[in-house]
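Chain A is the first sequence line, chain B the second, and so forth, proteins listed ahead of strands; every chain is numbered from 1.
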Protein chains: 2
Amino acid sequence: MTSDARPEYPAFGVTADLVVLAVREGRLCVALVRRRDEPYAGRLALPGGFVSRHGLDDTLEETALRELREETGIEPDEVHLEQVKTYWRRGRDPRQEVVTVAWLALGPIHGDLRAGSDAASADWYPVEDALAAPLAFDHDEILRDAVERARAKLEYTDIAASFVPEPFTIADVRRVYETVWGVELDPGNFQRKIAPVFERVEGGDGGDVRSAGRGRPAALYRRRRRGSRAGADLTPIEPPFRRPETGG
Amino acid sequence: MTSDARPEYPAFGVTADLVVLAVREGRLCVALVRRRDEPYAGRLALPGGFVSRHGLDDTLEETALRELREETGIEPDEVHLEQVKTYWRRGRDPRQEVVTVAWLALGPIHGDLRAGSDAASADWYPVEDALAAPLAFDHDEILRDAVERARAKLEYTDIAASFVPEPFTIADVRRVYETVWGVELDPGNFQRKIAPVFERVEGGDGGDVRSAGRGRPAALYRRRRRGSRAGADLTPIEPPFRRPETGG
DNA sequence: CGAATAGTGTCTGTTAGACAATATCGA
DNA sequence: TCGATATTGTCTAACAGACACTATTCG
């Protein structure tokens, strides 16, 4: 129950921090900024910021979208955004108690990043490297949780298509799975399993096939349109496409 | 990035609200309190409260556990607790901006509830009825999300066993599935699928079988012990036990 | 014994995965 | 033509679900 706010209840800052993932050059990469200010000045950190600066945000999701734009220069159209988890422990931020709502953002993102005002730079880093580096605050834990969420959701939603621009080929989607899961998948079996999740693109401007330069041109697909409600934009994979066991 | 806390960042209250579920008399029930104070005085609401009253809480999870004890009288031993989602929209609480971290709590809970200081009463309500009633704040949305989380997790974890005391029979677990999913399941197929997830109880005080009064006595099981880390206390069901399609 | 519940066996249709075979392109 | 990639076909083992059957208790 959300009861009375008396003085004995401490005031918190609330931030939205973003785990923005993209597949670049065959690697799963995360957008990180280099902190300009203390604490953790000079450290890599997830992009993010406080809710409602200047009273702009009416929901947590709006904060996340705004920070995505401001901190990385990414325009949030066509970006899949979902809340992952909320983090706080006493003293997590040495200046003030700050609760962080973490978000996972996936998109067909190609260009370089543009740093926001409170960051020295913003860039893509392979997730593997980012997890080995010391990140600011508890951002390594947040990154791990968000990547695991993304890996899990590949199993039962069409979220992999968020990584590639439409229209796409089944091989495009397969490369996303292989990159995010770190495995190799059989092209034939993958085709049979995943193609029905998507919608064939018929004719149109660029035709309905795309040649990769070599080999037989591939048919083009797009995601099925779902209800317009936020969060209802993923098509389920039924039955789920289970992750192969991996030794590591 | 969690950047500087300047005056333009508003102060939030942070609460942990609990969706405490139990199976009682063959129905899925949720613990609700009747609010004593405005806003929403007299309305049913989820139990919960502000983080860190008197500086007791060092983590969000501790707040959730403390509120579980204070607001419902439930002792948190043997209760499964997991974070679901965080809720805020401007004006959600008319007095002050309040961010609510919602938690799902499941346990083998039998007794009646004991209301905390800021509630007129605390009681169990069938989830179905609770969703039809007007709840305080956005607690109906939180309840829906948490129940869906619980239903989903029955598919791929042994979380159903959280609802029953150890040792339990496979039929006990089956009744949890049937109640939470609102379906009937084939006892034979269920046995084959679920029994290997658990550990047989050998001999001991009460023997290794339990008679239900009629019929052949059932073998007793307990959950497999997993790593001691929080959140690692669920055994996966592999491959998952998929929810049957339901017309509604 | 009969009713009730626990647990196993059996059959069938579906699916995943290995892998072969075919299709269609560029060079 | 060859090499590469896309797509379909085939086979097999595993699995889910329907349902029959056996096991064990109480009354």
A.B. asks: Nearest to the side chain of Ile170(B), which nucleotide is it out of dT24(D), dA6(D), dG7(C)?
C.D. replies: dG7(C)
A.B. asks: Can you measure Leu220(A) atom CG to dT7(D) atom C1' for me and round it to whole angstrom units?
C.D. replies: 14 Å
A.B. asks: With ring centroids as reference points, do Phe168(B) and Phe198(B) lie under 6.0 angstrom apart?
C.D. replies: yes
A.B. asks: For residues Tyr221(B) and Ile194(B), determine if any side-chain heavy atom of one lies less than 4.5 Å from a side-chain heavy atom of the other.
C.D. replies: no
A.B. asks: Arg223(B) and Ser162(B): side-chain donor and acceptor closer than 3.5 Å?
C.D. replies: yes
A.B. asks: Phosphate oxygens OP1/OP2 of dA6(C): is one of them under 4.0 Å from a side-chain N or O of Gln191(B)?
C.D. replies: no
A.B. asks: Counting just side-chain N and O atoms, does Lys193(B) come under 4.0 Å of either OP1 or OP2 of dC15(D)?
C.D. replies: no
A.B. asks: Does a side-chain N or O from Arg214(B) land closer than 4.0 Å to OP1 or OP2 of dA3(C), or not?
C.D. replies: no
A.B. asks: Write down the distance between CZ (Arg174(B)) and P (dA4(C)), rounded to a whole number of angstrom.
C.D. replies: 15 Å
A.B. asks: By nearest atom, which of the nucleotides dC19(C), dA6(C), dT8(D) is closest to the Asp186(A) side chain?
C.D. replies: dC19(C)
A.B. asks: Find which nucleotide of DNA chain D each of Pro240(B) and Gly188(B) is nearest to by heavy atoms, and output the residue with the more 5' nucleotide.
C.D. replies: Pro240(B)
A.B. asks: Take atom CD of Glu155(A) and atom C1' of dA16(C), then tell me their distance rounded to the nearest Å.
C.D. replies: 14 Å
A.B. asks: Atom CZ of Arg243(A) and atom C1' of dA16(C): how far apart are they, to the nearest Å?
C.D. replies: 17 Å
A.B. asks: Please state whether the phosphate of dA3(C), meaning OP1 or OP2, lies under 4.0 angstrom from any side-chain nitrogen or oxygen of Arg216(B).
C.D. replies: no
A.B. asks: Name the closest nucleotide to the Ala218(B) side chain, picking from dG17(C), dG7(C), dT24(C).
C.D. replies: dG7(C)
A.B. asks: Round to the nearest Å and state the distance from Glu184(A) atom CD to dA18(C) atom P.
C.D. replies: 12 Å
A.B. asks: In whole angstrom, give the distance that lies between atom CD1 of Ile194(B) and atom C1' of dG17(D).
C.D. replies: 14 Å
A.B. asks: Using a 4.0 Å heavy-atom cut-off across all strands, classify Ala195(A) as base, sugar-phosphate, or nothing.
C.D. replies: nothing
A.B. asks: Rounded to whole Å, please give me the gap between CZ in Phe190(A) and C1' in dG9(D).
C.D. replies: 19 Å
A.B. asks: Any chance you could lay out the side-chain hydrogen bond (donor to acceptor under 3.5 Å, both in side chains) test for Asp145(A) and Tyr87(A), step after step, and finish with the verdict?
C.D. replies: CA-CA 11 Å; Asp145(A) 291 348; Tyr87(A) 299 82; 2.6 Å; yes
A.B. asks: Can you check whether Arg192(B) has a side-chain N or O nearer than 4.0 Å to OP1 or OP2 of dG17(D)?
C.D. replies: no
A.B. asks: On DNA chain D, does the nearest nucleotide to Asp172(A) precede the nearest nucleotide to Glu238(B) from the 5' side, or the other way round? Give the residue.
C.D. replies: Asp172(A)
A.B. asks: Looking only at side-chain atoms of Asn189(B), point me to the closest of dT15(C), dG17(D), dT8(C).
C.D. replies: dG17(D)
A.B. asks: What's Arg242(B) touching, base or sugar-phosphate or nothing? Going by heavy atoms closer than 4.0 Å.
C.D. replies: nothing
A.B. asks: Salt bridge or not between Glu148(B) and Arg243(B)? Use side-chain N to carboxylate O under 4.0 Å.
C.D. replies: yes
A.B. asks: What's the CD1-C1' distance between Ile237(A) and dT15(C), to the nearest Å?
C.D. replies: 15 Å
A.B. asks: Does the His139(A) side chain pair with the main chain of Leu46(A), one donor and one acceptor, at a distance under 3.5 Å?
C.D. replies: yes
